[in-house]
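Contents: one structure, followed by commentary.
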Amino acid sequence: MIGGRLTAALAALVALGLLAAGCGGTAAPGVSPPASAPPAAGAAGGPTGAVWTSGLNENGQLGRPGPDRDPNLAPVGLERVRAVAGGGRHSLAVKGDGTVVAWGANDHGQLGDGTTRDSRVPVPVLAPDGQDGQLGDVVAVSANTDFSMALRRDGTVVTWGVGASGQRGTGERESPLYPTTVRSPDGERPLGGITAIAADGRTELALRRNGQVLAWGANTFGMVGDGTREDRALPVPVRGLYGAGRLNGVVRVAVGGQHGLALLNDGRVAAWGHNDLGQLGDGTREDRLTPTLVSGVAGQGRLGGVIALAAAEKNNYALRRDGTVVAWGNNTAGQLGDGTLTLRTSPVHVVDEDGDGRLRGAAQVFAGEAYGAAILTDGTPLTWGAGGSGQLGSGRRAARSRPGKVVTSLGGAPGNSVSAGAGERHLILLVAPRTP
């Protein structure tokens, strides 16, 4: 095991039946999560915490008063929150009772409150499909650009925000201001049996209980993974490795700007879609319309021993069983955390704070646009990459190419973190209550 905190988190997930991919549902026979797997980003399964934010705040995405760019973490005033997610200019939180609140930009209805008014304070997300009340029974959330997505305890998926590329998954390309339920591939009924979700905002992924992956939305670069470049307004199966059959044995999914990732139950990673900056990690810069395997560190063999994934616009992170993190893709702002600004078409190790060795003891990893974050087994949050909007929470509006500490508006650390959400240019931390 990676550490005691991770053991406790796993026990909580098992008790809630959320272990299959760190989100909702249960694992099907023969589909098991990787050993020592932490909760997935946006999954409501572990301990609760208070919400703290830093970074860009022009649309109220920090959920609190402050300047338009705040490099210091400060509390939102939301407590007993189970999961968070960051979009392009908005934020989501799953409360302890399974309802969802949102704040920030709302010009495309991404807050799900039935309006297009921005909100600098959290507002309740409405129940789907015109029903009365609030969205409830949510076990995971995901967001990106002007789009939001939630997984419910019954295995159904709800979306709200933009829909022009079919990313709402309803068979239409419309964007009603209220949340809607994703439909099955034949469009005849609600999609069910889902255990994990990943939102890009244009292309979305869902993991089925049987270890297969569904995708829908924009497909210009093959990010749906069905071997075509045709947009899909309803879910379709992702093809298998190198186009053979269907992708199976998947335990985690992640999606970046124009590419998808899947963690296989043997610890390998599959990738597909756009690859202009090496974000598929296969040692090339060639697009792939169906999944290919990510190369090993420095291009040696295949990447293995992975237990969690995080995807950004043009780069990715993989957390390995030994507590180290590898990264690949674009690196113009130091987002690979290897101490350089060098683009990498194959994985490299994220280094430690001093740059003298590998980062170790990581329990969770998260990806924003050109920046990354990790939470260590002792609850310490670290960030690296682009920082011009204050998204690193470092107290400075500056980039850094290796991990560093975060600070609060009062100075010092915010306390032990239990999870995080990485928006486009804002960071959301879930901070555990301080013990007396």
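For the numbers below, each heavy atom of this structure counts, side chains included, while hydrogens, waters and symmetry mates do not.
Between Asp354 and Arg402 no salt bridge is recorded (no basic side-chain N to carboxylate O distance below 4.0 Å). Between Glu353 and Lys405 a salt bridge is recorded (basic side-chain N to carboxylate O distance below 4.0 Å). We find that Lys314 and Asp276 are joined by a salt bridge, their nearest charged nitrogen and carboxylate oxygen being less than 4.0 Å apart. Taking the charged nitrogens against the carboxylate oxygens, Asp70 and Arg64 do have a contact shorter than 4.0 Å, which makes a salt bridge. Asp282 and Arg288 are joined by a salt bridge, as a carboxylate oxygen and a charged side-chain nitrogen come within less than 4.0 angstrom of each other. For Glu369 and Arg425, the salt-bridge test passes: some basic side-chain N is under 4.0 Å from an acidic carboxylate O. Between Asp352 and Arg360, none of the side-chain N atoms (NZ, or NE/NH1/NH2) sits under 4.0 Å from a carboxylate O, so this pair counts as no salt bridge. Of the charged side-chain nitrogens involved, at least one lies within less than 4.0 Å of a carboxylate oxygen, so that Arg344 and Asp338 count as a salt-bridged pair.
At least one donor-acceptor pair closer than 3.5 Å links the side chain of Ser119 to the backbone N or O of Val121. Between the side chain of Asn57 and the backbone N or O of Asp68 there is no donor-acceptor pair closer than 3.5 Å. The main-chain N or O of Leu392 is found under 3.5 Å from a side-chain atom of Thr383 such that the two form a donor-acceptor pair. A donor-acceptor pair under 3.5 Å is formed between the side chain of Gln131 and the backbone N or O of Pro128. A donor-acceptor pair under 3.5 Å is formed between the side chain of Asn275 and the backbone N or O of Gln279. Distance alone, capped at 3.5 Å, places no donor-acceptor pair between the Arg69 side chain and the Arg397 backbone. No donor-acceptor pair under 3.5 Å is formed between the side chain of Thr345 and the backbone N or O of Gly281. No donor-acceptor pair closer than 3.5 Å links the side chain of Ser54 to the backbone N or O of Leu427. The backbone N or O of Asn59 sits less than 3.5 Å from a side-chain atom of Gln61, completing a donor-acceptor pair. In this structure, the side chain of Thr116 does not engage the main chain of Asn106 through any donor-acceptor pair within 3.5 Å.
Checked options Val139, Val157, Leu135; the residue passing with Arg152 is Leu135 (criterion: side chain to side chain contact (heavy atoms under 4.5 Å, CB included)). Results of the side chain to side chain contact (heavy atoms under 4.5 Å, CB included) test with Val101 over Leu78, Val123, Val125 single out Leu78 as the only residue that passes.
Considering only heavy atoms from C-beta on, Val251 stays 4.5 Å or farther from Leu264 through its side chain. No side-chain heavy atom of Val238 sits under 4.5 Å from any side-chain heavy atom of Leu214. Side-chain contact between Val81 and Val51 is present, with heavy atoms from C-beta onward closer than 4.5 Å. The shortest distance between side-chain heavy atoms of Ser91 and His426 falls below 4.5 Å. Counting heavy atoms from C-beta outward, Pro71 and Arg396 have side chains that stay 4.5 Å or more apart. In this structure the side chain of Tyr178 never reaches within 4.5 angstrom of the side chain of Asp113, judged on heavy atoms. Looking at heavy atoms from C-beta onward, Arg202 lies in side-chain contact with Thr145 at the 4.5 angstrom threshold. A heavy-atom distance below 4.5 Å is not found between the side chains of Trp160 and Leu111.
Note: Thr380 OG1 to Asn416 CG = 6.5 Å, rounded to the nearest 0.5 Å. One distance of note links CG of Leu151 with CG of Asp137; it measures 11.0 Å at 0.5 Å rounding. Put simply, OG on Ser175 and CG on Asp146 are 10.0 Å apart, with the number rounded to the nearest 0.5 Å. Atoms CG and CH2, on Leu336 and Trp384 in that order, are 10.0 Å from each other to the nearest 0.5 Å. In this structure, OG1 on Thr324 lies 7.5 Å from CG on Leu319, to the nearest 0.5 angstrom. The line from CZ of Arg252 to CG of Asn265 is 12.5 Å long, rounded to the nearest 0.5 Å.
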Inset, instruction - Apply salt bridge (Lys or Arg N to Asp or Glu O under 4.0 Å) to the pair Arg320 and Asp322, showing each step before the final yes or no. - result: CA-CA 5 Å; Arg320 305 183 81 178; Asp322 62 2; 5.2 Å; no
Legend entry - Derivation of the side chain to side chain contact (heavy atoms under 4.5 Å, CB included) call for Gln110 and Val162: CA-CA 7 Å; Gln110 57 264 51; Val162 294; over 6 Å; no
Inset, instruction - Give the intermediate values and the outcome of side chain to side chain contact (heavy atoms under 4.5 Å, CB included) for residues Val348 and Thr340. - result: CA-CA 11 Å; Val348 294; Thr340 79; over 6 Å; no
Inset, instruction - Apply the test side chain to side chain contact (heavy atoms under 4.5 Å, CB included) to residues Val158 and Val182: give CA-CA distance (whole Å), side-chain angles for both, the deciding distance (0.1 Å), then the verdict. - result: CA-CA 6 Å; Val158 176; Val182 175; over 6 Å; no
Inset, instruction - Please report the C-alpha distance between Thr159 and Phe147 in whole Å, then the side-chain angles of each, then the deciding distance to 0.1 Å, and finally whether the side chain to side chain contact (heavy atoms under 4.5 Å, CB included) criterion is met. - result: CA-CA 8 Å; Thr159 57; Phe147 179 87; 3.6 Å; yes
Inset, instruction - List the steps, then state whether salt bridge (Lys or Arg N to Asp or Glu O under 4.0 Å) holds for Lys95 with Asp97. - result: CA-CA 5 Å; Lys95 299 174 70 175; Asp97 62 0; 5.4 Å; no
Inset, instruction - May I have the step-by-step check of salt bridge (Lys or Arg N to Asp or Glu O under 4.0 Å) for Asp107 and Arg117, ending in yes or no? - result: CA-CA 7 Å; Asp107 46 338; Arg117 296 188 299 269; over 6 Å; no
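Under the 6.0 Å cut-off for aromatic ring centres, Trp272 and Phe221 do not qualify, their centroids lying 6.0 Å or more apart.
The two residues Val76 and Leu62 make their nearest non-hydrogen contact at CG2-O, 3.2 Å. When all heavy atoms of Ala298 and Ser346 are compared, the pair lying nearest together is C-CB, 4.2 Å. Contact between Ala333 and Ala399 at its shortest, heavy atoms only, is O-CB, 3.9 Å. Shown here for Ser417 and Pro381, the closest heavy-atom pair between the two residues is OG-CG, 3.5 Å. Between Ala143 and His90, the shortest heavy-atom distance links the atoms CB-NE2, 3.9 Å. In terms of heavy atoms, Leu429 sits closest to Pro414 at CD1-CG, 4.3 Å.
Within 6.0 Å of the CZ atom in Arg173, the count of heavy atoms belonging to other residues, nucleotides or ligands exceeds 12. Shown here is Arg302, whose CZ atom has more than 12 heavy atoms of other residues, nucleotides or ligands within 6.0 Å.
Side-chain N/O atoms of Thr180 and Arg168 include a donor and acceptor closer than 3.5 Å. Defined by atom type and a distance below 3.5 Å, a donor-acceptor pair is missing between the side-chain atoms of His259 and Asp200.
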